[in-house]
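The figures that follow rest on heavy atoms only: side chains count, while hydrogens, waters and symmetry mates do not. Throughout, protein chains are lettered first and strands after them, A, B, ... in sequence-line order, and every chain is numbered starting at 1.
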Amino acid sequence: MAFRISLHKDVLSGNQEWAERNLHLFNTNQIFTINLMSSPGAGKTSLLESVIPQLKKHARLAVIEGDLCTTLDAERIAQLGVRTVQINTQGACHLDARMINDVILRFPLTQIDLLIIENVGNLVCPADFYLGEHVRMTVLSVTEGADKAEKYPSVFRSANAILLNKIDLLPYVSFDLGRFRVVMSEMNPSAPIFPMSATSREGLTPWTDWILQTMREQKEQSE
Amino acid sequence: MHEVSLIHEVLLIANEAAEANCITRITGIELMIGDNLCVMPESLEFAFNFMNKGKMMEHAKLTWEICVGREFYVSFIEGD
């Protein structure tokens, strides 16, 4: 005779447990961790290349790069003198907490203040896999269109900051900045929007100031 | 989302619960799926129907309820 076992068991609990282990490691070692997400080609790596020289003056940096294949992005970041590890997911379209845990001990944790995880380029899946980060940032480039937040809400709704990249191209594309701001004010009113360009370097300073300020606040809270 | 990897987790959960309760044949698994997740129940069912082969849930029926939000859990299993 069949009987029923009630469970109420979270299917994603495995990832959550690994993420909490990561968070514990980060907090124990006073490492402020950022999860950087976007679609492929929005400019995550270029933005990191643009701001790392400034960030390095104020914090000891480390970067984890996530891609299906190649070490191209890690090579770009390593050239800036930053400790970098590349994760190749070999088909997985997002990083998960277990992947981060597998590589994190390659870094000298007591010698890092700021860890930036550049996630796999994907506007869907990364949003559902918490890595143990303190802050999430989502990059949207103006060439992608102002409707992407409505079409891919999770990654925009869960972000602590929105980086609007390639604004030097605004005169040449039909990106409705006003509409985007209205949509984001309803979807995620607490996330600041930072318009910027990795190429022309406009708008980078407010973003780096925000990172450093948020990092200081996180460290004060954990003391 | 990743229905194959999600079903892999569901099978692990169901297996563990069955072993803990001396169930040798699982006849039913019910999921609760939040409507704000990018999860397709029909794709879950498709993945389930090929990943359960040769396992104790091979003849189980996968059912689900949809709820508001982002929860995703195994509500219960049934078996004997």
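Residue A:Arg216 qualifies as enclosed at atom CZ: its count of foreign heavy atoms under 6.0 Å is above 12. By the neighbour-count criterion of 12 heavy atoms within 6.0 Å, atom CD of B:Glu16 is sparsely surrounded, having that number or fewer from other residues, nucleotides or ligands. Within a 6.0 Å sphere centred on CZ of B:Phe46, heavy atoms belonging to other residues, nucleotides or ligands number 12 at most. Heavy-atom contacts from other residues, nucleotides or ligands closer than 6.0 Å to NZ of B:Lys61 number 12 or fewer.
In this structure, CD1 in A:Ile5 is found 3.5 Å from CG in B:Asn21, a value given to the nearest 0.5 Å. Within the model, atoms CG of A:Leu12 and CZ of B:Arg70 stand 9.5 Å from one another, a figure rounded to the nearest 0.5 Å.
Taking 4.5 Å as the limit, every side-chain heavy atom of B:Ile13 sits out of range of all side-chain heavy atoms of A:Asp10. When side chains are defined from C-beta on, B:Asn36 counts as touching A:Arg157, because their heavy atoms get closer than 4.5 Å. Between B:Ile23 and A:Phe3 there is a side-chain heavy-atom pair separated by less than 4.5 Å. Looking only at side-chain heavy atoms (C-beta outward), B:Phe76 and A:Leu7 stay at 4.5 Å or farther from each other. In this structure the side chain of A:Lys9 never reaches within 4.5 angstrom of the side chain of B:Glu9, judged on heavy atoms.
Taking all atoms of both residues into account, the shortest heavy-atom contact from B:Leu37 to A:Asp128 is CD2-OD1, 3.8 Å.
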I'd like a table of donor-acceptor pairs (distance under 3.5 Å, sequence neighbours excluded) in which one partner is a side-chain atom from residues 35-45 of chain A, with atom names and distances.
unit_1, atom_1, unit_2, atom_2, d
A:Asn35, OD1, A:Asn119, ND2, 3.2
A:Asn35, ND2, A:Glu133, OE2, 3.4
A:Ser38, OG, A:Lys44, NZ, 2.8
A:Ser39, OG, A:Glu144, OE1, 2.4
A:Thr45, OG1, A:Asp73, OD2, 3.2
A:Thr45, OG1, A:Glu118, OE1, 2.9
A:Thr45, OG1, A:Glu118, OE2, 2.7

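Only the backbone of B:Ser75 comes within contact range of chain A, judged by heavy atoms closer than 4.5 Å. Heavy-atom distances place no part of B:Glu30 under 4.5 Å from chain A, backbone and side chain included.
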